[in-house]
Number of protein chains: 2
Amino acid sequence: MQMKSVVPVMTTETKTACSQCNLRELCLPFGLDPREVDQLDEVVGARRKIKRQQHLYRSGDGFEAIYAIRAGSFKTDVILEDGRDQVTGFQMTGEVLGLDGISTERHSCNAIALEDSEVCVIPFSRLEELSRQVESLQHQFHKIMSREIVRDHGVMMLLGSMRAEERLAAFLLNMSQRFTARGFSPSEFHLRMTRDEIGSYLGLKLETVSRAFSRFQEEGLVAVQQKHIRILDTPGLKRLLNHHAA
Amino acid sequence: MQMKSVVPVMTTETKTACSQCNLRELCLPFGLDPREVDQLDEVVGARRKIKRQQHLYRSGDGFEAIYAIRAGSFKTDVILEDGRDQVTGFQMTGEVLGLDGISTERHSCNAIALEDSEVCVIPFSRLEELSRQVESLQHQFHKIMSREIVRDHGVMMLLGSMRAEERLAAFLLNMSQRFTARGFSPSEFHLRMTRDEIGSYLGLKLETVSRAFSRFQEEGLVAVQQKHIRILDTPGLKRLLNHHAA
DNA sequence: GGAGCCCTTTGATCCACATCAATACCATTC
DNA sequence: GAATGGTATTGATGTGGATCAAAGGGCTCC
């Protein structure tokens with residue numbers, strides 16, 4: 001490969017700039033002042049594009065960086081030797097992937113793109129270094145890790161104590177809330193994952209997920225057309241969660 | 001209350017000393033050099049005794065400190081408005097409680113002592129401050145948070161994809177491993193929690209837990225006498241987990 | 001050391017979700 | 001625009017664990 005031109009060109013590999021990113025309120029830069037965001041920019045490495053169905057990392061891979069989702073979405077899953085697998089989460093823009101790798105210096109789950117996506121690579125040792133200097137960054141990073149723990153507890157509650165329709169209602173309300181936080185409609189959105197993936201996440205079989213969708217539709221709670229969801233009765237879905245006759 | 005004596009007395013409130021603590025290999029001081037452990041000692045506040053069944057903190061309480069368990073054990077749980085609850089974890093000596101509170105500055109679960117216990121109170125802002133100065137402490141703290149996330153993923157796998165006996169086998173093997181790490185017998189131990197609490201953690205009813213114990217006993221895998229457990233066939237339990245006919 | 005209560009075990013029955021199965025639908029790709 | 005293969009829906013049947021019920025055992029607290 002030869003570079004004939006001496007004129008400076010914009011490489012496709014544009015340097016990431018947190019300061020320019022419209023996701024910064026959701027992501028690592030939250031709470032930093034402009035000068036601090038610039039410092040973070042120094043640490044954030046190249047962006048990386050991941051095609052649909054491709055792995056960002058795999059269980060067992062060495063851990064070197066965490067990843068902020070700039071575009072697209074992902075799922076994480078854990079696979080047992082006997083082939084059973086469990087989706088442990090779905091991640092959207094502004095959310096951080098890879099925190100599982102810190103503990104053993106190896107990733108303990110797989111991260112797979114649900115659509116063509118792009119992430120910012122944040123080398124972890126450099127992040128730790130900077131967060132020793134920048135208190136607000138340190139604090140925001142700790143909050144992000146803690147949020148992940150709280151989220152996981154919510155999923156444990158869901159898997160351990162809820163019935164199928166409650167699980168799906170909780171899932172839809174959660175998706176709605178996250179789309180809203182990103183400036184999209186709270187009531188109408190496109191799911192990036194299959195029924196099978198939703199089922200794995202919710203501890204249900206895909207048929208059960210499908211039936212629950214149909215039931216919601218019959219009851220006028222949502223309008224479902226494949227992966228396109230329109231929530232018609234948010235309070236109704238919430239009622240399903242709280243008024244449990246048990 | 002009056003202090004008549006002018007002679008220095010050992011208060012019951014002895015200052016915690018990580019450097020003297022035999023749990024330091026499991027806890028926050030892991031990987032620190034002696035001088036750094038001394039610095040950590042400065043940050044760790046008083047110890048606090050919690051009687052059996054009492055709360056260390058409650059969901060909704062303001063977050064100010066994390067807690068390292070010095071003696072005894074705890075459970076954490078989440079409670080829904082309708083009364084349903086889910087045990088999200090059991091914690092033993094050397095483990096850290098309270099990480100859930102960082103994200104919103106309020107605790108999002110309850111921490112309850114399973115027996116008379118004692119914790120070291122670690123004011124969080126001081127911990128963050130010190131971990132900005134001490135790289136090894138920063139790193140160990142991040143590992144502890146990450147480990148919690150990985151553990152939660154394991155529980156999600158268990159709740160989402162395993163059958164009752166597999167869940168109990170996984171639970172027993174996990175307990176065994178943690179007792180071992182604390183210098184106790186891998187094969188004989190005393191459970192601090194009830195069948196109901198185990199059930200809640202594993203997403204099962206107490207009757208199902210009891211029946212699974214009975215079945216393990218019939219099959220010669222364990223000897224169960226109430227809360228006293230003797231594991232007779234560790235490989236057998238492991239086989240139950242991996243060789244799933246599905 | 002006895003009373004009371006919580007915890008545990010075990011049995012009988014029920015039901016929510018899994019499993020098995022068939023068909024329909026949609027998005028690619030050639 | 002037909003072929004292909006993954007995805008979704010819906011129905012029929014099966015089953016693991018929940019629920020209901022009762023009795024026994026072991027702590028805890030007087």
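So you know, we letter chains A, B, ... as the sequences are listed, proteins then strands, and number each from 1.
If you check D:dT9, D:dG17, C:dT9 against the side chain of B:R163, the one that comes closest is D:dG17. Listed candidates were C:dT8, D:dA12, D:dT19. Nearest to the side chain of B:R211 is D:dT19. Considering only side-chain atoms of B:K227, the nucleotide from C:dC20, C:dT8, D:dA8 that sits closest is C:dT8. Between C:dT8, D:dG17, C:dA18, one nucleotide has an atom nearer to the side chain of B:L204 than all others, and that is D:dG17. Which of C:dC20, D:dT9, C:dC7 sits closest to the side chain of B:T194 comes down to C:dC7.
Residue contacts shown for B:G199 are absent, as no nucleic acid heavy atom lies under 4.0 Å away.
A straight line from CG of B:D116 to P of D:dT28 spans 10 Å, rounded to a whole angstrom. A:Q225 has its CD atom 12 Å from the C1' atom of C:dC26, to the nearest Å. D:dG17 atom P lies 13 Å from atom CE of B:M162, rounded to whole Å. Distance B:D196 CG to D:dA18 P: 12 Å, rounded to the nearest Å. When the C1' atom of C:dC7 is taken as reference, atom CD1 of B:I198 falls 12 Å away, rounded to whole Å. One can place CD of B:E218 at 8 Å from P of C:dT10, the figure rounded to the nearest angstrom. Counting to the nearest Å, the P atom of D:dT9 and the CZ atom of A:R215 are 15 Å from each other. Atoms CG (B:L206) and P (D:dA18) sit 10 Å apart, rounded to a whole Å.
Every pair passing salt bridge (charged side-chain N to carboxylate O under 4.0 Å, His left out) that includes a residue from residues 169-178 of chain A is listed here, sequence neighbours excluded: A:E95-A:R178.
A donor N or O paired with an acceptor N or O is found under 3.5 Å between the base of D:dC20 and the side-chain atoms of B:E207. On a pure distance criterion of 3.5 Å, no polar donor-acceptor pair joins the side chain of B:E197 and the base of C:dC7.
Note on ring orientation: taking the six-membered ring where Trp is involved, the planes of A:F179 and A:F184 are perpendicular (angle over 60°, cut-offs 30° and 60°).
Within the 4.0 Å cut-off from OP1 or OP2 of C:dC26, at least one side-chain nitrogen or oxygen of A:Q226 is found. Contact between the side-chain N/O atoms of A:T208 and the OP1/OP2 oxygens of C:dA18 is found at a separation under 4.0 Å. Between B:S210 and C:dT10, a side-chain N or O to OP1/OP2 separation shorter than 4.0 Å is absent.
One finds a salt bridge joining A:E219 and A:R215 here, because a Lys/Arg side-chain nitrogen approaches an Asp/Glu carboxylate oxygen to under 4.0 Å.
Scanning all heavy atoms of the two residues, the minimum distance from B:G60 to B:R106 falls at O-NH1, 2.6 Å. A:L241 and A:E166 make their closest contact through CD2-O, 3.3 Å (heavy atoms, listed as atom of the first residue, atom of the second, distance).
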